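To keep things clear, I will list the structure first and then write my remarks on it.
Note that the structure is a prediction, hence the values are computed from the model and not measured.
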Amino acid sequence: MTLEQALKAVRGPDKQAENEARTRWDSLAKPLGSLGLLEDTVVKIAGLTGAADIFLKKRTLLIFCADNGVVAEGVSQSGPEVTLAVTKALGQGTSTVDYMARAASCRVIPADVGVLLDGPMPGVLERKIRRGTGDIALGPAMSREECVRAIKTGIDLVRECKEAGDDILLLGEMGIGNTTTSCAVLSVLTGKPVEELAGKGSGLSDEGLARKIKVIKKAIEINHPDPENPADVLMKVGGLDLAALTGAVIGGILYRLPILLDGLITDTAALCAVKMCPEAKSALLAGHMSAEPGAAVALSALGLAPFISCGMRLGEGSGAAAALPLLDMALAVYTSGHTFGRLGIEAYTPK
């Protein structure tokens, strides 16, 4: 299936399933709507899957790993050697998010879509488009063909997860320099000044942050990305991880799998996907509010409310993993059968 065919195959949520889920919530012995976002999320998942009976037993965290040529501009305190090291650790099950995911009964699948350096990486899917991107301060990150391939790679990986029986997907990334590319993409898509979006990433100094902002502005100026064309923006000032994540979000709506986002990078990719395919929003859940300034802007543009706010900025899908147990708690109540009738009291009604 081509990207164009995938976009044409997308359909919106099932309103009947949403209504059935809402009715079930309202039958439970508690004040109407009292679980707030947890109730809304279960209803949203019902609309996506087309069924009021919801199961999230099999869950997978997809982590797209890639390097960004803009690191050459001094926008990060580390380089591609760290991307390689952490990607290896993800494959071995020893990176930070691996421990979090195991606690949430979630498997982790890292995929190499653009790691620059060579090295054995057992446990990592080989989906490499190219070895890192170009320096966006000097020219486009990648070719249009490479961008489309990366988006398609994300879609295809979601399809594979669907075929493997997954009920929900979490998204994460690993790639030094990707807060820089994300802020560049986000600035173009939202029209917000770079200064409002850029943060210190993995630990920049004030001087480093000023340099990062300058580099992002230069990249936008020399590449002239079209804000009405998300693929053009990704190609010119984005990254391979961002493009693959964009595809994964499109895959979520195409294959009817809920997508639980992490932080700035996945939020930005989700915005790209929604700009390309508005119905993709029906598949999206916001895991947390990242400490990176641009995350709040991206979530606002998406109209999504996050489950948690812990000041996290690790990446790797850690915010999504941290939020996943909340969905388990919501379903524990939703499937409890603890109705007003069982409790022997009159049901609440809207006033």
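- Contact check for Leu62 versus Val158: side-chain heavy atoms found under the 4.5 Å cut-off.
- Among the candidates Lys44, Arg24, Arg22, the single residue satisfying the salt bridge (Lys or Arg N to Asp or Glu O under 4.0 Å) test with Glu39 is Arg22.
- Arg159 has a carboxylate O that lies under 4.0 Å from a charged side-chain N of Glu163, or vice versa, which qualifies the two as a salt bridge.
- The main-chain N or O of Lys192 is found under 3.5 Å from a side-chain atom of Ser187 such that the two form a donor-acceptor pair.
- Two residues are said to be in side-chain contact when any heavy atoms from C-beta on lie closer than 4.5 Å; Thr133 and Met235 fail this criterion.
- Side-chain N or O atoms of Glu146 include one that pairs as donor or acceptor with a backbone N or O of Ser143 at under 3.5 Å.
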Cut-off 3.5 Å, no hydrogens considered: what does the side-chain donor-acceptor table look like for residues 284-310, sequence neighbours left out?
residue : atom : partner : partner atom : Å
His288  : NE2  : Asp262  : OD1          : 3.3
Ser290  : OG   : Glu292  : N            : 3.0
Glu292  : OE2  : Gly201  : N            : 3.1

Go through Lys152 and Asp156 one step at a time and tell me if the salt bridge (charged side-chain N to carboxylate O under 4.0 Å, His left out) criterion holds.
CA-CA 6 Å; Lys152 186 67 165 50; Asp156 289 344; 3.0 Å; yes
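- Not one N or O on the side chain of Asn223 forms a donor-acceptor pair closer than 3.5 Å with the backbone of Pro225.
- Applying the salt bridge (Lys or Arg N to Asp or Glu O under 4.0 Å) definition to pairs two or more places apart or across chains, those involving residues 323-340 are Arg59-Asp328.
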Decide yes or no on salt bridge (charged side-chain N to carboxylate O under 4.0 Å, His left out) for Asp232 and Arg144, but give the supporting numbers first.
CA-CA 7 Å; Asp232 186 70; Arg144 180 169 181 80; 5.7 Å; no
Please determine whether side chain to side chain contact (heavy atoms under 4.5 Å, CB included) holds for the pair Val124 and Leu90, giving the CA-CA distance in whole Å, both sets of side-chain angles, and the decisive distance to 0.1 Å.
CA-CA 8 Å; Val124 178; Leu90 288 167; 5.6 Å; no
Quick one: side chains of residues 74-81, donor-acceptor pairs under 3.5 Å with protein atoms, not counting sequence neighbours, listed by atom name and distance.
residue : atom : partner : partner atom : Å
Ser76   : OG   : Ser78   : N            : 3.3
Ser76   : OG   : Ser78   : O            : 3.4
Gln77   : NE2  : Ser202  : O            : 2.8
Glu81   : OE2  : Gly79   : N            : 3.2

Take Ile136 and Lys236, measure what side chain to side chain contact (heavy atoms under 4.5 Å, CB included) needs, and give me the verdict at the end.
CA-CA 7 Å; Ile136 60 174; Lys236 290 178 176 175; over 6 Å; no
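- Applying the side-chain hydrogen bond (donor to acceptor under 3.5 Å, both in side chains) test to pairs two or more places apart or on separate chains, those with a residue in residues 164-178 are Thr60-Asp166, Arg107-Asp166, Glu173-Asn178, Asn178-Asp241.
- In Lys57, the NZ atom is not crowded: 12 or fewer heavy atoms of neighbouring residues, nucleotides or ligands sit closer than 6.0 Å.
- Here the side chains of Met142 and Arg149 are not in contact, with every heavy-atom distance at 4.5 Å or above.
- At least one donor-acceptor pair closer than 3.5 Å links the side chain of Thr2 to the backbone N or O of Gln5.
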N/O donor-acceptor pairs under 3.5 Å from side chains in residues 110-117, not counting sequence neighbours:
residue : atom : partner : partner atom : Å
Asp112  : OD1  : Gly114  : N            : 3.0
Asp112  : OD1  : Val115  : N            : 2.8
Asp112  : OD1  : Lys128  : NZ           : 3.3
Asp112  : OD2  : Lys128  : NZ           : 2.7

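- The distance from the CD1 atom of Ile168 to the CG atom of Leu56 is 5.0 Å, given to the nearest 0.5 Å.
- Side-chain contact, Lys212 with Thr179: a donor N or O sits under 3.5 Å from an acceptor N or O.
- Checking side-chain atoms of Asn68 against main-chain N and O of Gly132 turns up no donor-acceptor pair under 3.5 Å.
- For the pair Leu138 and Glu73, the minimum side-chain heavy-atom distance is below 4.5 Å.
- Residue pairs satisfying the ring-ring contact (aromatic ring centres under 6.0 Å, His included) criterion with at least one member in residues 2-36, sequence neighbours excluded, are listed as follows: Trp25-Tyr334.
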Stepwise, does the side chain to side chain contact (heavy atoms under 4.5 Å, CB included) test hold for Val274 with Glu279?
CA-CA 7 Å; Val274 169; Glu279 292 291 359; over 6 Å; no
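- Enclosure of atom CD in Glu207 is not indicated, since only 12 or fewer non-hydrogen atoms of other residues, nucleotides or ligands lie within 6.0 angstrom.
- Lys281 contributes no side-chain N or O that, together with a main-chain N or O of Ala273, makes up a donor-acceptor pair within less than 3.5 Å.
- Side-chain heavy atoms closer than 4.5 Å link hydrophobic residues (I, L, V, M, F, W, Y) into clusters, and following such links, even through other members, never connects Val70 to Leu204.
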The test is side chain to side chain contact (heavy atoms under 4.5 Å, CB included); show your working for Leu331 and Phe55 and say whether it passes.
CA-CA 8 Å; Leu331 286 183; Phe55 305 95; over 6 Å; no
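- Of all heavy-atom pairs spanning Cys147 and Ala243, the tightest one is O-CB, 4.1 Å.
- Residues Leu48 and Asp14 fail the side-chain proximity criterion, which asks for heavy atoms closer than 4.5 Å.
- Salt-bridge annotation for Glu18 and Lys15: present, with a side-chain N of the basic residue lying under 4.0 Å from a carboxylate O of the acidic one.
- Listed for the Ser34 side chain is no donor-acceptor partner under 3.5 Å among the backbone atoms of Lys30.
- Annotation: side chain of Ser95 is in contact with side chain of Glu316 (closest heavy-atom distance under 4.5 Å).
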